[in-house]
Amino acid sequence: MSRPAGRGVWLALLLALAGCTHLTPAQRTQLHLWERVAKRVTAHYEVSAVTFLVGAQDGPGGGAVRPGGIITIRPDMLEPLPAGQSRDFLLAHELAHWVLGHAYRRPPDEAATATWEVEQQRRELDANAEAVKILAVGWHWTERRAFFHAHAYLWTYRRGVVARQIGVPAGHPPDPCVEINDLIRHYPAYRDIAENCPSWPEPRWVEHVGRRESSLSAPAIDAR
Ligand SMILES: [Zn+2]
């Protein structure tokens, strides 16, 4: 059904696609669900279908999209979560990179590194914004619900970074607040359910985080 895009890490550490014994039944169920959603999204955008590869990957990101529409996902990203939580934003964000054509960006040469980093950060922000639309298309959510999920996900991500539980994935803005505030700027209609994030250094962040914890039950975890 699929084949690794290249040799190396992926060949060595992989893989679990449909029917593979390395996934637990619960992980397989989640993978199948995401495959169905991805099909719906790529059909809607009229882009090529994607293929999932599940396996370990370097760095703090939970997923990535690679040339050819290969979406790589860490197995723990398919683990069940408590009721009411999901990692759907993770998939929506990777699908956003795909539909926006980001998977074909080449790594920079040495001289272009600084420029590439700035451009890549812009692409991450664009993928967050598009992910809201993808959540609406793929999961049949209202845009408002999709925004709420994305916003809550980014706040959870930010809390994880502040608490040093997770790292900032390569290419993302070093300050997760940049991602939150950019998402809010993209969707001004939902300011009533949004909270701006104080950029670092921010001595009062504990207070802000505390308020979020009490007001949001929402989604879970992890970087993209
Ligand atoms: Zn990304």
Side-chain angles (χ1 to χ4, degrees), residues 1-79 86-109 116-117 119-135 137-139 150 153 157 166-172 179 221-224:
M1 276 173 63
S2 86
R3 83 181 70 108
R7 314 204 182 281
V9 181
W10 285 100
L11 268 184
L13 298 176
L14 294 196
L15 310 164
L17 266 201
C20 176
T21 52
H22 298 300
L23 289 185
T24 66
Q27 288 174 333
R28 211 171 300 147
T29 300
Q30 180 63 44
L31 178 60
H32 290 165
L33 180 70
W34 276 6
E35 284 172 334
R36 280 201 301 280
V37 166
K39 224 171 253 177
R40 199 177 298 143
V41 169
T42 51
H44 174 88
Y45 280 86
E46 300 181 335
V47 297
S48 311
V50 295
T51 304
F52 288 84
L53 292 184
V54 183
Q57 76 184 34
D58 292 335
V65 63
R66 292 156 203 276
I70 309 285
I71 291 189
T72 54
I73 299 278
R74 288 205 329 250
D76 56 308
M77 295 297 98
L78 298 169
E79 280 296 317
S86 85
R87 298 188 180 92
D88 293 331
F89 181 76
L90 171 70
L91 175 59
H93 175 94
E94 298 312 333
L95 287 171
H97 280 308
W98 178 239
V99 306
L100 294 173
H102 296 169
Y104 289 104
R105 300 285 171 178
R106 295 205 182 106
D109 58 41
W116 180 86
E117 278 174 5
E119 287 173 356
Q120 183 58 29
Q121 288 182 21
R122 185 68 253 167
R123 287 192 282 272
E124 296 300 347
L125 300 179
D126 290 346
N128 288 342
E130 194 67 28
V132 171
K133 296 187 176 115
I134 286 173
L135 285 165
V137 168
W139 282 260
Y153 190 103
Y157 160 62
I166 52 175
V168 173
H172 285 252
E179 299 197 48
I221 306 182
D222 256 295
R224 300 129 285 133

Closest heavy-atom pair and its distance - Ala127, His97: CB-CE1, 3.5 Å
4.5 Å side-chain heavy-atom contact, Glu79 and Gln27: yes
Nearest non-hydrogen partners of Val54 and Arg74, listed with the distance: CG1-C, 4.2 Å
Residue pair Arg66, Thr72: steps toward the side-chain contact (heavy atoms from CB on, under 4.5 Å) verdict: CA-CA 8 Å; Arg66 292 156 203 276; Thr72 54; 3.0 Å; yes
Those residues that, when tested against Gln30, pass side chain to side chain contact (heavy atoms under 4.5 Å, CB included) (two or more places apart): Leu33, Trp34, Leu78, Asp88
Heavy-atom check, side chain of Ile70 versus side chain of Trp98, under 4.5 Å: no
Side-chain heavy-atom pair Leu91, Trp139 within 4.5 angstrom cut-off: yes
Heavy-atom pair of closest approach, residues Arg87 and Tyr153: CA-CE1, 4.1 Å
Gln120-Glu124 side chain donor-acceptor pair, cut-off 3.5 Å: yes
Value rounded to 0.5 Å, distance of CG in Leu31 from CZ in Arg36: 10.5 Å
For Arg40, salt bridge (Lys or Arg N to Asp or Glu O under 4.0 Å) partners two or more places apart: none
Gap between atom CD of Glu94 and atom CD1 of Ile134 - 0.5 Å precision: 10.0 Å
Whether His93 and Phe89 hold their rings parallel, tilted or perpendicular, with breakpoints at 30° and 60°: tilted
Beyond-backbone contact of Leu125 with Glu179, side-chain heavy atoms, under 4.5 angstrom: yes
Identify each donor-acceptor pair in which a side-chain atom of residues 41-49 lies under 3.5 Å from a protein atom, sequence neighbours left out, and give them as a table.
{"from": "Thr42", "atom 1": "OG1", "to": "Ala38", "atom 2": "O", "distance (Å)": "3.0"}
{"from": "Thr42", "atom 1": "OG1", "to": "Lys39", "atom 2": "O", "distance (Å)": "3.2"}
{"from": "Tyr45", "atom 1": "OH", "to": "Glu130", "atom 2": "OE2", "distance (Å)": "2.6"}

Value rounded to 0.5 Å, distance of CG in Asn128 from NE2 in His172: 7.0 Å
